[in-house]
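Data first, discussion second: the structure below is written as structure tokens.
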Number of protein chains: 4
Amino acid sequence: MGEAEKKTVDLAQDRRKQILRAAVEVFAERGFHRTRVSDIARRAGVAYGLIYHYFDSKDHVLNSVFEENWGVFLKVLGDLRDSEELTAPAKLERISALLIDALQVAPSIIQVIIQEISRSDRFVHAEKVSAFTGAFDVVHDIIVAGQAAGDLSPRLDPRVAAYIFFGALETICTGAMLGTIQCKTPEEATRVKATVKEALLQGMLTDKGSEKDAT
Amino acid sequence: MGEAEKKTVDLAQDRRKQILRAAVEVFAERGFHRTRVSDIARRAGVAYGLIYHYFDSKDHVLNSVFEENWGVFLKVLGDLRDSEELTAPAKLERISALLIDALQVAPSIIQVIIQEISRSDRFVHAEKVSAFTGAFDVVHDIIVAGQAAGDLSPRLDPRVAAYIFFGALETICTGAMLGTIQCKTPEEATRVKATVKEALLQGMLTDKGSEKDAT
Amino acid sequence: MGEAEKKTVDLAQDRRKQILRAAVEVFAERGFHRTRVSDIARRAGVAYGLIYHYFDSKDHVLNSVFEENWGVFLKVLGDLRDSEELTAPAKLERISALLIDALQVAPSIIQVIIQEISRSDRFVHAEKVSAFTGAFDVVHDIIVAGQAAGDLSPRLDPRVAAYIFFGALETICTGAMLGTIQCKTPEEATRVKATVKEALLQGMLTDKGSEKDAT
Amino acid sequence: MGEAEKKTVDLAQDRRKQILRAAVEVFAERGFHRTRVSDIARRAGVAYGLIYHYFDSKDHVLNSVFEENWGVFLKVLGDLRDSEELTAPAKLERISALLIDALQVAPSIIQVIIQEISRSDRFVHAEKVSAFTGAFDVVHDIIVAGQAAGDLSPRLDPRVAAYIFFGALETICTGAMLGTIQCKTPEEATRVKATVKEALLQGMLTDKGSEKDAT
DNA sequence: AATGAATGAGAGTTCATTCAT
DNA sequence: GATGAATGAACTCTCATTCAT
């Protein structure tokens with residue numbers, strides 16, 4: 001490939017990324033289905049026709065957002081699961097930290113993924129479900145391994161626990177996006193992480209509460 | 001009001017309920033915006049024009065679903081908060097049990113509320129946000145009170161903890177609706193409730209895990 | 001079915017017919033693909049949305065034109081073939097007369113069918129091809145039978161002859177629609193029929209021409 | 001003009017021809033309006049922008065196909081008409097032979113011309129009509145002359161007869177392109193020509209059929 | 001000459017909503 | 001009350017054409 005060709009390809013990739021970035025922004029603001037193709041175009045500063053140069057359809061744009069962002073996250077999750085250096089609780093803590101940090105770096109992307117992952121066409125678009133279940137499976141595996149190692153409570157249904165873990169994180173993302181959870185500065189993020197760790201790992205109870213609760 | 005008139009009103013109320021029930025079903029199946037007014041009508045067994053006799057618009061139908069169902073739940077939550085007989089942890093446990101039980105009785109309603117509460121039109125429709133924040137505030141208040149009473153960990157940011165609590169329950173609802181969490185029989189429900197209690201209140205860690213984690 | 005319902009059905013059928021008539025007119029004038037759905041609507045004096053009440057799509061409108069007109073013609077052709085009272089030449093003559101008469105009664109319909117039967121999406125829309133081959137088969141059968149009875153020249157390839165027969169008629173239709181063949185009055189029609197009969201059955205040659213041509 | 005310049009012009013002409021050839025192929029396969037400019041380009045192995053160096057528009061490409069192919073045919077037809085060595089029937093036979101032979105050499109070109117000549121845009125693009133009427137006039141003139149010479153039946157309306165003649169040939173072309181008329185090998189072509197001659201000149205009737213028909 | 005990114009008019013289709021019956 | 005025919009705004013997608021490189 002010559003220099004000139006390479007440059008052209010790069011430019012094309014840039015345009016693609018530019019459109020994708022714009023799409024993420026407007027999807028985050030208005031939601032996928034309230035977003036018109038022309039909204040994406042306007043935000044990207046291009047004609048709407050151009051979007052069809054780079055993507056097959058509006059749906060395809062969303063899918064690309066998923067693939068090119070969630071895929072990376074999934075990869076990291078997978079590596080984490082397979083790591084032998086960390087205990088299960090440490091892995092879970094790491095995952096929540098990852099997500100909360102991502103929230104600071106790229107809140108829109110997280111928002112879109114979280115929002116649209118559970119869109120009702122989920123029954124139709126298998127990729128999205130599998131995107132979700134992919135991450136779910138990792139957490140599920142970590143919990144099972146943690147129980148086997150004696151680090152996590154054997155009284156947890158690992159499947160339900162994985163849902164709880166994800167749900168907690170998802171809602172924090174939503175809160176962050178709504179601005180009802182402050183999570184912009186490193187300090188704020190640290191505070192959020194601490195609460196997640198406390199609530200999910202140590203439990204919300206104090207010893208006192210725990211005693212009373214001894215049913 | 002004469003007998004005849006009263007009967008007419010009752011019949012009208014029946015029709016309204018009939019449409020609302022149908023709406024909940026199809027909203028649950030397809031999501032609000034993928035549902036056509038004619039879908040609701042077909043499910044209800046009426047002509048679609050009739051829906052405009054009882055509701056101003058399609059949006060209005062959804063709002064009614066919220067008001068007439070979530071409102072009831074909110075009332076119960078409020079009463080629970082104000083109860084002086086229960087500790088904060090017991091109140092939280094009660095709330096999760098309420099929701100999980102509701103999931104068995106009226107899964108569609110829960111699904112619709114959960115699905116649409118976090119929809120992107122939330123910025124537009126204030127009722128829905130307030131519907132959500134109404135419930136959120138209750139949980140928040142309970143957590144704050146629990147911390148004050150020494151029953152709940154003072155290390156929790158109460159706002160974040162409330163989100164975590166809600167998120168966990170929300171995702172369980174989603175899992176139940178997707179069929180990936182079994183929650184139909186009383187036994188299954190009990191098991192789910194137990195995991196929620198264990199994970200959120202006691203924490204996922206065992207003592208062993210807890211020691212290792214003593215950072 | 002009550003009177004009222006029946007009337008409603010009739011009115012609906014009327015609207016359908018009204019749209020179909022308008023469609024035939026504009027298809028004849030501009031061709032199918034140059035015709036916008038809104039053109040049909042304007043001609044029919046309705047909103048374009050209404051067309052989608054009665055037809056699934058623009059394609060469907062065309063298909064309906066085919067089915068509801070060509071189908072009738074095909075039926076007549078089939079009956080003609082099966083008639084035992086007429087010789088093959090008489091049947092062919094009858095067919096050409098049928099078409100030329102139809103041209104006076106409903107020129108637009110004939111034009112649309114002729115024009116669009118050979119549309120290039122013919123490879124896609126099997127109905128139209130079969131519409132054509134249906135008619136073709138009848139003529140083919142008549143020619144074969146005529147040869148067997150000794151009424152038609154055994155030197156004809158029946159398949160090619162059927163094409164010739166149809167092509168001659170088709171082009172006359174085109175000419176009539178272009179206005180280059182006068183075929184409006186009964187006298188003109190008679191004259192056209194006579195030439196068709198003369199050219200196709202007797203042949204264009206005179207005896208004199210025939211002798212010279214005796215290769 | 002220097003050698004180099006001339007070579008450039010030739011190359012330019014080659015490119016033009018290359019595009020035109022590609023256009024004919026895809027027009028034949030998909031029809032003019034279903035063909036995208038990019039289809040032509042892909043088939044020609046050039047960028048679609050280049051087509052606009054050689055042609056003003058997509059329409060212009062089609063027009064060029066007409067002019068540069070039909071024009072040649074028209075010239076031959078004109079010469080044939082003016083020939084004093086052949087009788088009218090011989091001329092007609094020659095024309096049909098010309099077309100059927102062309103069908104073997106360049107079926108796509110014939111197909112495109114036949115298909116698009118009778119398209120609905122005919123009212124818009126005068127060239128195409130005149131292309132058609134040019135050929136029509138020749139046949140018309142030949143028939144009139146043949147009648148005057150006593151070689152062709154005086155009972156024919158020469159205008160209608162010319163249409164019949166053309167229509168027969170046109171449909172044979174269509175059949176050949178659809179593959180329903182075998183016309184590839186010289187033997188097959190001969191057979192087709194024989195049927196055309198028999199049907200149009202001698203007539204389809206046998207003497208027996210002729211007697212019965214003596215109305 | 002050659003490329004293909006960029007543009008935007010234009011077309012088909014959907015569906016919430018209105019309203020005459 | 002009840003129906004569904006009728007309307008048209010809104011939206012996605014196509015593709016001929018232009019133009020900077």
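A note on names: the letters A, B, ... follow the listed sequences, proteins ahead of strands, and every chain is numbered from 1.
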(message) Less than 4.0 angstrom from a charged side-chain N to a carboxylate O is my criterion; do D/K17 and D/D14 meet it?
(response) no

(request) Mind calculating the distance between CZ (D/R34) and P (F/dT14) to the nearest angstrom? (result) 13 Å

(message) Whole angstroms only, please: what is the CD-C1' distance between D/Q13 and E/dA1?
(response) 14 Å

(request) Please check the phosphate of E/dG4 (OP1 and OP2 only) for any side-chain N or O of D/Y48 closer than 4.0 Å. (result) no

(message) Would you say D/R15 places a side-chain N or O within less than 4.0 Å of OP1 or OP2 belonging to E/dA2?
(response) yes

(request) Starting from the 5' end of DNA chain E, give me the residue, B/G49 or A/A47, whose nearest nucleotide shows up first. (result) A/A47

(message) side-chain contact (heavy atoms from CB on, under 4.5 Å) for A/F27 and A/I40? Distances and angles first, verdict last.
(response) CA-CA 8 Å; A/F27 286 164; A/I40 305 174; 3.9 Å; yes

(message) Rounded to whole Å, please give me the gap between NE2 in B/H60 and P in E/dA16.
(response) 16 Å

(message) Quick check on DNA chain F: between A/S38 and D/R36, whose nearest nucleotide comes earlier from the 5' end?
(response) A/S38

(request) Please report, rounded to the nearest Å, how far the P atom of F/dT7 is from the CZ atom of C/R42. (result) 14 Å

(request) Return yes if the base of E/dA1 and the side-chain atoms of D/H53 contain a donor-acceptor N/O pair under 3.5 Å, otherwise no. (result) no

(message) Hydrogens and angles aside, do C/R21 and C/Q18 bring a side-chain donor and acceptor to less than 3.5 Å of each other?
(response) no

(request) Could you check how far CG of B/D14 sits from P of F/dA2, rounded to whole Å? (result) 11 Å

(request) Under 4.0 Å between any heavy atoms, over every strand shown, what does D/S57 touch: base, sugar-phosphate, or nothing? Just pick one. (result) sugar-phosphate

(request) State whether the side chain of C/N63 and the backbone N or O of C/H60 hold a donor-acceptor pair below 3.5 Å, judged by distance alone. (result) no

(message) At 4.0 Å (heavy atoms only), tell me whether D/Y54 reaches a base, stays on the sugar-phosphate, or touches nothing.
(response) sugar-phosphate

(message) Here's a test of your reading of the structure: between A/T35 and C/L50, which maps to the more 5' nucleotide of DNA chain F?
(response) C/L50

(message) Taking only side-chain N and O atoms of A/R16, does any of them lie within less than 4.0 angstrom of OP1 or OP2 on E/dA5?
(response) no

(message) Between D/I51 and C/K58, which residue's closest nucleotide on DNA chain E lies nearer the 5′ terminus?
(response) D/I51

(request) Please state how far atom CG in A/D39 lies from atom C1' in F/dA10, giving the value in whole angstrom units. (result) 12 Å

(request) Let me know the distance between CD of B/Q18 and C1' of F/dA2, rounded to the nearest Å. (result) 12 Å

(request) State whether D/Y52 places a side-chain N or O below 4.0 Å from either non-bridging phosphate oxygen (OP1 or OP2) of F/dT17. (result) yes

(request) Using a 4.5 Å cut-off on heavy atoms from C-beta on, say whether the side chain of B/N69 contacts that of B/I110. (result) no

(message) Under 3.5 Å for both donor-acceptor distances, Watson-Crick or wobble: does E/dA5 have a partner, and if so which one?
(response) F/dT18

(message) Could you measure the distance from the CZ atom of A/R34 to the CD atom of A/E29? Nearest 0.5 Å is fine.
(response) 13.0 Å

(request) Hunt down the Watson-Crick or G-U wobble partner of E/dG12, both distances under 3.5 Å, from any strand shown, or write none. (result) F/dC11

(request) Measure from CG on A/D59 to P on F/dC13 and round the result to the nearest Å. (result) 7 Å

